[in-house]
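What follows is a set of notes on a single structure, which appears directly below.
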Amino acid sequence: MSILKQFDPEVAEAIEGELQRQKNGLVMIPSENHASEAVLMAMGTPLSNKYAEGYPGKRYYTGCEFIDKVENLAIKRAKKLFNAEHANVQPNAGSGANMAIYLAMLKFGDKIMGLKLDQGGHLTHGHPVNFSGQLYNFVQYGVNKETELIDMNEVREIALREKPKMIVIGATAYPRIFDFKAFREICDEVGILLLADISHFVGLCISGDHPEPFPYADFVMTTTHKTLRGPRSAIILSKEQHAKAIDKAIFPGTQGGPMEHIIAAKAVCFKEALNPEFKKYAHQIALNAKALAKVLLDEGLRLVSGGTDNHLILIDCRPLKITGRQGSEALAELEIYTNRNTIPFDTGTAFEPSGIRLGTPALTTRGMKEEEMKLIGEMIVSVIKNVEDKNIKKNVKNKVKELTEKYPLYV
Ligand code: DSN
(Lines give C-alpha, C1' and ligand atoms only; values in the text may rest on other atoms or scores of the structure.)
Protein backbone atom coordinates (compact mmCIF):
# COMPACT_ATOMS: atom_id res chain seq x y z
CA MET A 1 0.00 0.00 0.00
CA SER A 2 2.87 2.43 0.68
CA ILE A 3 3.87 2.69 -3.02
CA LEU A 4 0.24 3.25 -4.00
CA LYS A 5 -0.17 5.83 -1.23
CA GLN A 6 2.81 7.74 -2.57
CA PHE A 7 1.79 7.59 -6.21
CA ASP A 8 -1.98 7.92 -5.91
CA PRO A 9 -3.06 9.10 -2.47
CA GLU A 10 -6.67 9.61 -3.61
CA VAL A 11 -7.17 5.97 -4.60
CA ALA A 12 -5.13 4.75 -1.61
CA GLU A 13 -7.32 6.79 0.71
CA ALA A 14 -10.52 5.33 -0.74
CA ILE A 15 -9.14 1.78 -0.38
CA GLU A 16 -8.13 2.49 3.21
CA GLY A 17 -11.58 3.95 3.87
CA GLU A 18 -13.24 0.78 2.57
CA LEU A 19 -10.94 -1.40 4.65
CA GLN A 20 -11.82 0.55 7.78
CA ARG A 21 -15.55 0.39 6.91
CA GLN A 22 -15.35 -3.40 6.72
CA LYS A 23 -13.32 -3.62 9.93
CA ASN A 24 -15.60 -1.28 11.89
CA GLY A 25 -18.93 -2.58 10.66
CA LEU A 26 -21.05 -5.71 10.84
CA VAL A 27 -21.30 -6.96 7.25
CA MET A 28 -24.59 -8.85 7.04
CA ILE A 29 -25.30 -8.66 3.31
CA PRO A 30 -25.58 -12.41 2.70
CA SER A 31 -23.73 -12.35 -0.62
CA GLU A 32 -20.68 -10.65 0.91
CA ASN A 33 -17.77 -12.06 2.89
CA HIS A 34 -14.20 -11.22 3.89
CA ALA A 35 -11.65 -13.17 1.82
CA SER A 36 -8.44 -14.25 3.52
CA GLU A 37 -5.22 -12.29 3.13
CA ALA A 38 -3.80 -15.18 1.09
CA VAL A 39 -6.69 -14.83 -1.39
CA LEU A 40 -6.32 -11.04 -1.52
CA MET A 41 -2.58 -11.37 -2.02
CA ALA A 42 -2.95 -13.74 -4.98
CA MET A 43 -5.23 -11.21 -6.70
CA GLY A 44 -2.74 -8.36 -6.55
CA THR A 45 0.01 -10.08 -8.56
CA PRO A 46 1.73 -9.76 -11.97
CA LEU A 47 -0.38 -12.67 -13.22
CA SER A 48 -2.77 -9.88 -14.16
CA ASN A 49 -0.28 -8.78 -16.84
CA LYS A 50 -0.42 -12.02 -18.80
CA TYR A 51 -2.58 -12.87 -21.79
CA ALA A 52 -3.45 -16.55 -21.84
CA GLU A 53 -6.41 -17.06 -24.16
CA GLY A 54 -7.14 -20.76 -24.46
CA TYR A 55 -6.74 -23.44 -21.83
CA PRO A 56 -3.73 -25.04 -20.05
CA GLY A 57 -1.49 -26.71 -22.66
CA LYS A 58 -3.45 -25.07 -25.52
CA ARG A 59 -2.84 -21.34 -25.34
CA TYR A 60 -2.74 -18.77 -28.10
CA TYR A 61 0.22 -17.00 -26.42
CA THR A 62 3.77 -17.96 -25.49
CA GLY A 63 5.09 -17.73 -21.94
CA CYS A 64 2.17 -19.46 -20.25
CA GLU A 65 4.08 -22.08 -18.24
CA PHE A 66 3.36 -20.51 -14.83
CA ILE A 67 -0.14 -19.49 -15.80
CA ASP A 68 -0.84 -23.12 -16.81
CA LYS A 69 0.46 -24.31 -13.48
CA VAL A 70 -1.87 -21.98 -11.59
CA GLU A 71 -4.92 -22.76 -13.72
CA ASN A 72 -4.31 -26.51 -13.51
CA LEU A 73 -4.11 -26.25 -9.73
CA ALA A 74 -7.42 -24.36 -9.65
CA ILE A 75 -9.08 -26.95 -11.92
CA LYS A 76 -7.77 -29.92 -9.93
CA ARG A 77 -8.86 -28.45 -6.62
CA ALA A 78 -12.29 -27.37 -7.91
CA LYS A 79 -13.00 -30.87 -9.24
CA LYS A 80 -12.00 -32.43 -5.94
CA LEU A 81 -13.95 -29.93 -3.85
CA PHE A 82 -17.19 -30.43 -5.75
CA ASN A 83 -16.75 -34.01 -6.87
CA ALA A 84 -17.08 -32.74 -10.43
CA GLU A 85 -16.10 -34.40 -13.68
CA HIS A 86 -15.14 -31.11 -15.33
CA ALA A 87 -14.28 -27.62 -14.06
CA ASN A 88 -13.90 -24.42 -16.03
CA VAL A 89 -12.32 -21.87 -13.69
CA GLN A 90 -12.17 -18.99 -16.17
CA PRO A 91 -15.59 -17.29 -15.77
CA ASN A 92 -15.15 -13.74 -14.53
CA ALA A 93 -18.54 -13.55 -12.83
CA GLY A 94 -21.72 -15.48 -12.17
CA SER A 95 -23.80 -13.68 -14.80
CA GLY A 96 -21.30 -14.40 -17.57
CA ALA A 97 -20.98 -17.99 -16.42
CA ASN A 98 -24.74 -18.52 -16.64
CA MET A 99 -24.68 -16.86 -20.06
CA ALA A 100 -22.00 -19.30 -21.21
CA ILE A 101 -23.99 -22.31 -20.01
CA TYR A 102 -27.08 -21.14 -21.91
CA LEU A 103 -24.94 -20.43 -24.98
CA ALA A 104 -23.35 -23.89 -24.78
CA MET A 105 -26.57 -25.86 -24.53
CA LEU A 106 -29.43 -23.83 -25.99
CA LYS A 107 -30.46 -21.81 -29.00
CA PHE A 108 -31.70 -18.24 -28.68
CA GLY A 109 -35.44 -18.35 -28.12
CA ASP A 110 -35.37 -21.75 -26.42
CA LYS A 111 -37.54 -22.22 -23.38
CA ILE A 112 -35.95 -22.29 -19.90
CA MET A 113 -37.51 -22.36 -16.44
CA GLY A 114 -36.18 -20.22 -13.62
CA LEU A 115 -37.27 -18.85 -10.23
CA LYS A 116 -38.92 -15.40 -10.35
CA LEU A 117 -36.57 -12.59 -9.31
CA ASP A 118 -39.08 -11.04 -6.90
CA GLN A 119 -39.54 -14.41 -5.20
CA GLY A 120 -35.86 -15.04 -4.65
CA GLY A 121 -34.38 -15.77 -8.10
CA HIS A 122 -31.58 -13.99 -9.96
CA LEU A 123 -31.61 -11.57 -12.89
CA THR A 124 -29.90 -14.17 -15.09
CA HIS A 125 -32.65 -16.68 -14.33
CA GLY A 126 -34.95 -15.01 -16.83
CA HIS A 127 -35.77 -11.45 -15.81
CA PRO A 128 -36.99 -9.36 -18.76
CA VAL A 129 -34.42 -6.57 -18.16
CA ASN A 130 -31.57 -9.10 -18.33
CA PHE A 131 -30.03 -10.76 -21.41
CA SER A 132 -31.53 -14.05 -20.19
CA GLY A 133 -35.11 -12.80 -20.40
CA GLN A 134 -34.44 -11.10 -23.73
CA LEU A 135 -32.60 -13.86 -25.60
CA TYR A 136 -34.42 -16.89 -24.20
CA ASN A 137 -38.03 -17.73 -23.64
CA PHE A 138 -38.17 -18.03 -19.86
CA VAL A 139 -41.13 -19.41 -18.00
CA GLN A 140 -40.91 -18.73 -14.30
CA TYR A 141 -41.83 -20.69 -11.21
CA GLY A 142 -42.34 -19.13 -7.82
CA VAL A 143 -43.12 -19.84 -4.21
CA ASN A 144 -46.43 -20.79 -2.66
CA LYS A 145 -48.24 -17.71 -1.31
CA GLU A 146 -49.02 -19.34 2.04
CA THR A 147 -45.82 -21.21 2.81
CA GLU A 148 -43.42 -19.02 0.79
CA LEU A 149 -41.68 -22.25 -0.20
CA ILE A 150 -41.06 -23.55 -3.71
CA ASP A 151 -43.93 -25.87 -4.50
CA MET A 152 -42.50 -28.90 -6.30
CA ASN A 153 -45.94 -29.90 -7.57
CA GLU A 154 -46.22 -26.53 -9.29
CA VAL A 155 -42.68 -26.85 -10.70
CA ARG A 156 -43.59 -30.27 -12.11
CA GLU A 157 -46.87 -29.03 -13.58
CA ILE A 158 -45.16 -26.08 -15.30
CA ALA A 159 -42.34 -28.29 -16.60
CA LEU A 160 -44.71 -30.88 -18.02
CA ARG A 161 -46.93 -28.22 -19.59
CA GLU A 162 -44.20 -25.93 -20.97
CA LYS A 163 -41.56 -28.55 -21.81
CA PRO A 164 -38.54 -26.25 -21.38
CA LYS A 165 -35.09 -27.42 -22.44
CA MET A 166 -33.56 -26.62 -19.06
CA ILE A 167 -34.54 -25.85 -15.47
CA VAL A 168 -32.41 -23.40 -13.53
CA ILE A 169 -32.42 -23.64 -9.77
CA GLY A 170 -30.73 -21.41 -7.24
CA ALA A 171 -31.58 -18.06 -5.74
CA THR A 172 -30.40 -14.83 -4.23
CA ALA A 173 -33.12 -14.49 -1.64
CA TYR A 174 -34.58 -17.88 -0.80
CA PRO A 175 -33.92 -18.88 2.81
CA ARG A 176 -34.58 -22.58 2.33
CA ILE A 177 -33.03 -25.71 0.82
CA PHE A 178 -33.23 -26.72 -2.86
CA ASP A 179 -34.22 -30.34 -3.31
CA PHE A 180 -31.85 -31.24 -6.17
CA LYS A 181 -33.08 -34.83 -6.32
CA ALA A 182 -36.71 -33.77 -6.74
CA PHE A 183 -35.74 -31.31 -9.50
CA ARG A 184 -33.72 -34.07 -11.20
CA GLU A 185 -36.74 -36.37 -11.18
CA ILE A 186 -38.83 -33.69 -12.89
CA CYS A 187 -36.06 -33.04 -15.43
CA ASP A 188 -35.82 -36.75 -16.17
CA GLU A 189 -39.58 -37.00 -16.59
CA VAL A 190 -39.49 -34.18 -19.17
CA GLY A 191 -36.10 -35.26 -20.56
CA ILE A 192 -34.30 -31.92 -19.98
CA LEU A 193 -31.18 -30.39 -18.45
CA LEU A 194 -30.70 -29.14 -14.90
CA LEU A 195 -28.53 -26.17 -13.99
CA ALA A 196 -27.86 -25.60 -10.29
CA ASP A 197 -26.72 -22.05 -9.55
CA ILE A 198 -25.40 -22.59 -6.03
CA SER A 199 -23.65 -19.21 -5.75
CA HIS A 200 -25.28 -18.19 -2.49
CA PHE A 201 -25.20 -21.39 -0.49
CA VAL A 202 -22.11 -23.11 -1.99
CA GLY A 203 -20.31 -23.15 1.36
CA LEU A 204 -23.23 -25.00 2.91
CA CYS A 205 -23.07 -27.64 0.14
CA ILE A 206 -19.47 -28.23 1.25
CA SER A 207 -20.28 -28.42 4.97
CA GLY A 208 -23.26 -30.72 4.40
CA ASP A 209 -25.83 -28.18 5.59
CA HIS A 210 -27.29 -28.11 2.09
CA PRO A 211 -27.52 -31.12 -0.27
CA GLU A 212 -24.76 -31.39 -2.88
CA PRO A 213 -25.80 -30.65 -6.47
CA PHE A 214 -23.91 -33.55 -8.06
CA PRO A 215 -24.85 -36.12 -9.30
CA TYR A 216 -28.27 -34.53 -9.85
CA ALA A 217 -27.32 -31.42 -11.81
CA ASP A 218 -25.87 -31.47 -15.32
CA PHE A 219 -24.22 -28.11 -14.65
CA VAL A 220 -23.27 -26.30 -11.49
CA MET A 221 -22.41 -22.63 -11.50
CA THR A 222 -21.11 -20.88 -8.45
CA THR A 223 -19.63 -17.54 -7.71
CA THR A 224 -16.55 -17.77 -5.50
CA HIS A 225 -16.85 -14.72 -3.25
CA LYS A 226 -19.98 -15.44 -1.23
CA THR A 227 -20.12 -18.34 1.25
CA LEU A 228 -17.04 -19.78 -0.50
CA ARG A 229 -15.04 -16.73 0.70
CA GLY A 230 -12.76 -16.44 -2.32
CA PRO A 231 -12.14 -13.73 -4.92
CA ARG A 232 -14.98 -11.97 -6.78
CA SER A 233 -15.45 -14.46 -9.61
CA ALA A 234 -17.16 -17.69 -10.69
CA ILE A 235 -16.66 -21.23 -11.98
CA ILE A 236 -18.66 -23.75 -14.00
CA LEU A 237 -18.69 -27.44 -13.10
CA SER A 238 -20.22 -30.02 -15.36
CA LYS A 239 -20.41 -33.59 -16.40
CA GLU A 240 -17.58 -34.62 -18.74
CA GLN A 241 -19.94 -35.00 -21.70
CA HIS A 242 -20.54 -31.22 -21.66
CA ALA A 243 -16.92 -30.20 -21.04
CA LYS A 244 -16.07 -29.19 -24.61
CA ALA A 245 -19.25 -27.19 -25.13
CA ILE A 246 -18.77 -25.31 -21.84
CA ASP A 247 -15.11 -24.53 -22.52
CA LYS A 248 -15.98 -23.25 -25.99
CA ALA A 249 -18.80 -21.10 -24.65
CA ILE A 250 -16.44 -19.42 -22.17
CA PHE A 251 -13.58 -18.96 -24.64
CA PRO A 252 -14.05 -17.86 -27.39
CA GLY A 253 -17.83 -17.76 -26.83
CA THR A 254 -18.14 -15.06 -24.19
CA GLN A 255 -14.70 -14.18 -22.84
CA GLY A 256 -11.21 -13.32 -24.07
CA GLY A 257 -8.05 -13.42 -21.95
CA PRO A 258 -8.77 -15.06 -18.61
CA MET A 259 -8.00 -13.17 -15.41
CA GLU A 260 -5.21 -15.43 -14.23
CA HIS A 261 -4.54 -13.43 -11.05
CA ILE A 262 -8.14 -14.11 -10.05
CA ILE A 263 -7.78 -17.77 -11.10
CA ALA A 264 -4.75 -17.94 -8.76
CA ALA A 265 -6.90 -16.52 -5.96
CA LYS A 266 -9.60 -19.10 -6.79
CA ALA A 267 -6.97 -21.85 -6.46
CA VAL A 268 -6.07 -20.49 -3.02
CA CYS A 269 -9.73 -20.31 -2.04
CA PHE A 270 -10.30 -23.95 -3.11
CA LYS A 271 -7.29 -25.00 -1.05
CA GLU A 272 -8.83 -23.25 1.95
CA ALA A 273 -12.21 -24.85 1.28
CA LEU A 274 -10.67 -28.33 1.03
CA ASN A 275 -9.33 -27.91 4.56
CA PRO A 276 -11.62 -29.54 7.19
CA GLU A 277 -11.65 -26.19 9.03
CA PHE A 278 -13.76 -24.76 6.19
CA LYS A 279 -16.53 -27.27 6.86
CA LYS A 280 -16.64 -26.11 10.47
CA TYR A 281 -16.76 -22.51 9.30
CA ALA A 282 -19.59 -23.08 6.82
CA HIS A 283 -21.56 -25.18 9.32
CA GLN A 284 -21.27 -22.32 11.79
CA ILE A 285 -22.72 -19.95 9.13
CA ALA A 286 -25.87 -22.11 9.16
CA LEU A 287 -25.97 -22.38 12.97
CA ASN A 288 -25.56 -18.62 13.24
CA ALA A 289 -28.34 -17.95 10.73
CA LYS A 290 -30.69 -20.21 12.72
CA ALA A 291 -29.75 -18.49 15.98
CA LEU A 292 -30.28 -15.06 14.39
CA ALA A 293 -33.65 -16.10 12.92
CA LYS A 294 -34.74 -17.39 16.32
CA VAL A 295 -34.09 -14.12 18.11
CA LEU A 296 -35.76 -12.09 15.34
CA LEU A 297 -38.83 -14.33 15.58
CA ASP A 298 -38.80 -14.25 19.39
CA GLU A 299 -38.77 -10.46 19.19
CA GLY A 300 -41.93 -10.60 17.09
CA LEU A 301 -40.66 -10.05 13.52
CA ARG A 302 -42.18 -11.82 10.53
CA LEU A 303 -39.61 -13.69 8.47
CA VAL A 304 -40.32 -14.92 4.96
CA SER A 305 -41.12 -18.66 5.12
CA GLY A 306 -40.94 -18.45 8.92
CA GLY A 307 -37.17 -18.77 9.27
CA THR A 308 -34.12 -20.13 7.51
CA ASP A 309 -32.36 -23.35 6.56
CA ASN A 310 -29.36 -21.66 5.02
CA HIS A 311 -27.23 -18.54 5.48
CA LEU A 312 -29.83 -15.85 4.87
CA ILE A 313 -32.98 -14.35 6.32
CA LEU A 314 -35.65 -12.09 4.82
CA ILE A 315 -37.44 -9.76 7.21
CA ASP A 316 -40.92 -8.58 6.21
CA CYS A 317 -40.91 -4.89 7.18
CA ARG A 318 -44.58 -4.26 6.46
CA PRO A 319 -45.81 -4.98 10.02
CA LEU A 320 -43.22 -2.43 11.27
CA LYS A 321 -44.69 0.24 8.99
CA ILE A 322 -41.33 0.90 7.33
CA THR A 323 -39.92 -0.11 3.96
CA GLY A 324 -36.87 -2.31 3.46
CA ARG A 325 -34.95 0.77 2.37
CA GLN A 326 -35.79 2.68 5.56
CA GLY A 327 -34.86 -0.31 7.71
CA SER A 328 -31.60 -1.14 5.95
CA GLU A 329 -30.55 2.52 5.84
CA ALA A 330 -31.23 2.96 9.57
CA LEU A 331 -29.02 -0.07 10.23
CA ALA A 332 -26.29 1.09 7.84
CA GLU A 333 -26.12 4.42 9.69
CA LEU A 334 -24.97 2.32 12.68
CA GLU A 335 -22.57 0.29 10.53
CA ILE A 336 -24.78 -2.78 10.34
CA TYR A 337 -24.88 -3.57 6.63
CA THR A 338 -27.89 -5.42 5.20
CA ASN A 339 -29.77 -4.81 1.96
CA ARG A 340 -33.29 -3.95 0.99
CA ASN A 341 -34.95 -6.73 -0.95
CA THR A 342 -38.28 -7.69 -2.40
CA ILE A 343 -40.23 -10.36 -0.59
CA PRO A 344 -42.62 -12.81 -2.28
CA PHE A 345 -45.77 -11.08 -3.58
CA ASP A 346 -44.30 -7.72 -2.62
CA THR A 347 -46.56 -4.73 -3.17
CA GLY A 348 -43.53 -2.42 -3.17
CA THR A 349 -40.98 -1.92 -5.96
CA ALA A 350 -37.43 -3.17 -6.43
CA PHE A 351 -36.22 0.26 -5.31
CA GLU A 352 -38.65 0.54 -2.40
CA PRO A 353 -39.31 -3.09 -1.45
CA SER A 354 -40.82 -4.44 1.75
CA GLY A 355 -37.96 -6.65 2.89
CA ILE A 356 -34.54 -6.58 4.47
CA ARG A 357 -32.15 -9.36 3.43
CA LEU A 358 -29.41 -10.29 5.86
CA GLY A 359 -27.13 -13.21 6.58
CA THR A 360 -24.24 -14.58 8.55
CA PRO A 361 -21.26 -15.53 6.27
CA ALA A 362 -19.12 -12.47 7.01
CA LEU A 363 -19.87 -12.31 10.74
CA THR A 364 -18.97 -16.00 10.98
CA THR A 365 -15.64 -15.29 9.26
CA ARG A 366 -14.89 -12.90 12.13
CA GLY A 367 -15.43 -15.77 14.57
CA MET A 368 -18.84 -14.78 15.90
CA LYS A 369 -21.17 -17.49 17.14
CA GLU A 370 -24.72 -17.99 18.41
CA GLU A 371 -24.24 -15.77 21.47
CA GLU A 372 -23.26 -12.80 19.29
CA MET A 373 -26.14 -13.54 16.91
CA LYS A 374 -28.56 -13.16 19.81
CA LEU A 375 -27.06 -9.81 20.72
CA ILE A 376 -26.97 -8.59 17.11
CA GLY A 377 -30.54 -9.80 16.50
CA GLU A 378 -31.75 -7.80 19.49
CA MET A 379 -29.85 -4.76 18.27
CA ILE A 380 -31.39 -5.04 14.80
CA VAL A 381 -34.91 -5.40 16.15
CA SER A 382 -34.53 -2.41 18.47
CA VAL A 383 -33.39 -0.24 15.54
CA ILE A 384 -35.94 -1.25 12.94
CA LYS A 385 -38.80 -1.08 15.42
CA ASN A 386 -37.73 2.48 16.34
CA VAL A 387 -35.98 3.95 13.30
CA GLU A 388 -36.17 7.52 14.69
CA ASP A 389 -35.00 6.80 18.25
CA LYS A 390 -31.66 8.53 18.83
CA ASN A 391 -30.93 6.87 22.19
CA ILE A 392 -31.38 3.40 20.75
CA LYS A 393 -29.11 4.34 17.84
CA LYS A 394 -26.40 5.59 20.18
CA ASN A 395 -26.58 2.45 22.26
CA VAL A 396 -26.44 0.15 19.20
CA LYS A 397 -23.54 2.09 17.68
CA ASN A 398 -21.55 1.52 20.89
CA LYS A 399 -22.35 -2.19 20.82
CA VAL A 400 -21.22 -2.46 17.18
CA LYS A 401 -17.91 -0.89 18.22
CA GLU A 402 -17.50 -3.34 21.10
CA LEU A 403 -18.27 -6.33 18.88
CA THR A 404 -15.98 -5.32 16.02
CA GLU A 405 -13.15 -4.67 18.45
CA LYS A 406 -13.69 -8.05 20.08
CA TYR A 407 -13.73 -9.83 16.69
CA PRO A 408 -11.14 -7.95 14.63
CA LEU A 409 -10.67 -8.36 10.90
CA TYR A 410 -7.37 -8.43 8.95
CA VAL A 411 -5.15 -8.07 12.02
N1 DSN B 1 -25.95 -9.44 -6.42
C2 DSN B 1 -25.87 -10.76 -5.83
C3 DSN B 1 -26.52 -10.81 -4.50
O4 DSN B 1 -26.38 -9.86 -3.74
O5 DSN B 1 -27.16 -11.79 -4.16
C6 DSN B 1 -26.35 -11.81 -6.74
O7 DSN B 1 -25.69 -11.71 -7.95
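Atoms within each ligand, like the ligands themselves, are counted from 1 in listed order.
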Review point. Does the pair Gln241 and Glu85 meet the rule for a side chain to side chain donor-acceptor pair (under 3.5 Å), with working shown?
Key: CA-CA 9 Å; Gln241 71 190 103; Glu85 292 175 17; over 6 Å; no

Practice item. Could you check Thr224 against Lys266 for side chain to side chain donor-acceptor pair (under 3.5 Å), going step by step and ending with a plain yes or no? Key: CA-CA 7 Å; Thr224 48; Lys266 284 186 249 192; 5.4 Å; no

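In this structure, Arg21 forms a cation-pi arrangement with Tyr337, its terminal cationic atom sitting closer than 6.0 Å to the ring centre and no more than 45° off the ring axis.
Among protein residues, Ser31, His122, Thr172, His200, Arg357 come within 4.0 Å of ligand 1, judged on heavy atoms.
The aromatic rings of Tyr136 and Phe138 stand perpendicular to each other, their planes meeting at an angle above 60°, with 30° marking the opposite boundary.
Looking at His311, His122, His210 one by one, the single match for ring-ring contact (aromatic ring centres under 6.0 Å, His included) with His200 turns out to be His311.
Listed by chain and number, the residues in a salt bridge (charged side-chain N to carboxylate O under 4.0 Å, His left out) with Arg302 are Glu148, Asp316 (sequence neighbours excluded).
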